[in-house]
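Remarks on the structure that follows.
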Amino acid sequence: MFAGDQNGLQGDPRLKAISEAIRVVPHFPKPGIMFQDITTLLLDHKAFKDTVDIFVDRYRDMGISVVAGVEARGFMFGPSIALAIGAKFVPLRKPRKLPGEVISESYVLEYGKDCLEMHVGAVQPGERALVIDDLVATGGTLSAAIRLLERAGAHVVECACVVGLREVKGQHGLNGKPLYILVEPRQQINCSAPSVNGVETCRHDDLILGASFSSPLNPTSKSD
Amino acid sequence: MLQRALIFSSSNPICSQLSTTAPPDNTVFPKRNGGWIIPFSSYQLPAFPSDSAANRPNMASQDEQDPRISNISSAIRVIPDFPKPGIIFQDITTLLLDTKAFRDTIDLFVERYRGKDISVVAGIEARGFIFGPPIALAIGAKFVPMRKPNKLPGEVLSEEYSLEYGKDTMEMHVDAVKAGERALIIDDLVATGGTLSAAISLLERVGVHVVECACVIELPELKGRERLGGKPLFVLVSST
């Protein structure tokens, strides 16, 4: 579900500012992909703080004791949320980064596979967990994260992302877990384009391009 | 080879099922200060006093050890022979599981850097991404990730640096910072100082003034402190 669909956050100017603070980089990491670059959001102190505050307000009273962040951009958002809601932070990492005993979960990429790991003992059975990442595309990474936490006996309450499509397209789904997203990816960076869903589609210093290069089926790509 | 007192507090949930019996006589781990150095996976120990004790320069306290330091030190797990034999790895992920110790870690940095007109907190991939953003948010600074190659999508500056064997490259978005800004660099641990040194170079190349480097842990025998081009280093825990 989108933050802006909910009572209290409809028309919230913070969401507009968060969307506008995200830079769209065309053809990264490869042609046809409109990369949603959240590093510019991290440069905007107010928008970054608002991002964390919106998640904290939502999760503060849900009895969540674990915030699991997906390497590496999930690390930029997860710890601040964890600290504010009194939860522990658990990094979910690429293979061979975590030094202790781990459990691993593989997942499918467009071409090939990747793998996510979590330390054994980081999460206890029965704990209530939140999974956080910057962006959801096909849901493959989040699905692997959910499986890791569930294998450790945790209950995944929700997955939260700053950016994501209204429908998680692709074969993964999220094992039925709810997904909470702040803003949609911006497809167009042409400042003369009409606004989408009431949100301005460019930042004042974006490049002006003649057309949108994204395909509606795969406008964004999940990388770390 | 570096030795370190281990350190696990009995309240740590990971230890809840550990035995409290002494290690067997054939253990290879030497005694320290009357106790045992043992891998976390086997035993629990009372917390040793941190060896980042009082009266060391650039430690978290000037005159006496801040009481929060010993819990922070206790919460860090030591893993021998990772990533390869002979290396004793300082694992901060257990610190992140201790909500009070993690909060105290951030607070100690925030108390030091708030009100010092620092507008940039640069965090080094990937564990610097865990500590940097909460500090940046608390002191009103922006957070700038310093990343491995080909991760940042925009125009970058690159800096090569040496590893024990071979080289690596660190990148930063060119438009993330402006000349004249005051920056803090954060990482979980400083060893040889190569990574911090590369980060200092990147920021200075665009005219940023690096005020200080800050790490949770220092391995002083590797002398990283001397390789920072004169920049000061602040750490919470020193591991010898």
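Just so it is clear: chains get the letters A, B, ... in the order the sequence lines come, proteins before strands, and each one is counted from 1. All values reported here derive from a predicted model rather than from experimental measurement.
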| message | For A:Met76 versus B:Phe143, what's the shortest heavy-atom pair and its separation? | response |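 Smallest interatomic distance, heavy atoms only, reads CG-CE2, 4.3 Å.
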| Point-to-point distance, once rounded to the nearest 0.5 Å, from OG1 of A:Thr39 to CE of B:Met172 |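 A:Thr39 OG1 to B:Met172 CE: 11.5 Å, rounded to 0.5 Å.
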| request: Please round to the nearest 0.5 Å and tell me the distance separating atom CG of B:Asp175 and atom OG1 of A:Thr40. | output: 8.5 Å
Chain B heavy atoms under 4.5 Å from [X]: which part of the residue, side chain, backbone, both or neither?
| X | answer |
| --- | --- |
| A:Lys97 | backbone |
| A:Val66 | neither |
| A:Arg96 | backbone |
| A:Leu41 | neither |
| A:Ala82 | neither |

| message | Please rank B:Arg127, B:Arg147, B:Glu125 by heavy-atom pairs under 4.5 Å with chain A and give me the top one. | response | B:Arg147
| Heavy-atom pairs under 4.5 Å with chain A, option from B:Gly128, B:Ser119, B:Ala126 with the top count |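 Looking at each of B:Gly128, B:Ser119, B:Ala126 in turn, B:Ala126 comes out on top.
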| Best-contacting candidate, A:Gly100, A:Gly86, A:Pro99, A:Pro79, against chain B by heavy atom pairs under 4.5 angstrom |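 Of the options given, most contacts go to A:Pro99.
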| Do you know which of A:Ser65, A:Gly69, A:Ala72 has the most heavy-atom pairs with chain B at a distance under 4.5 angstrom? | A:Ala72
A side-chain contact here means heavy atoms from C-beta on lying under 4.5 Å apart; do [X] and [Y] qualify?
| X | Y | result |
| --- | --- | --- |
| A:Asp37 | B:His173 | yes |
| A:Leu42 | B:Pro133 | no |
| B:Lys151 | A:Arg73 | no |

What part of [X] gets within 4.5 angstrom of chain A, counting heavy atoms only: side chain, backbone, both, or neither?
| X | value |
| --- | --- |
| B:Pro153 | both |
| B:Phe82 | side chain |
| B:Phe102 | both |

| A:Leu83 and its side chain to side chain contact (heavy atoms under 4.5 Å, CB included) partner, picked from B:Thr105, B:Thr99, B:Leu96, B:Ile106 | B:Ile106
| said: Donor-acceptor pair, distance only, cut-off 3.5 Å: does the side chain of A:His45 make one with the backbone of B:Leu137? | reply: yes
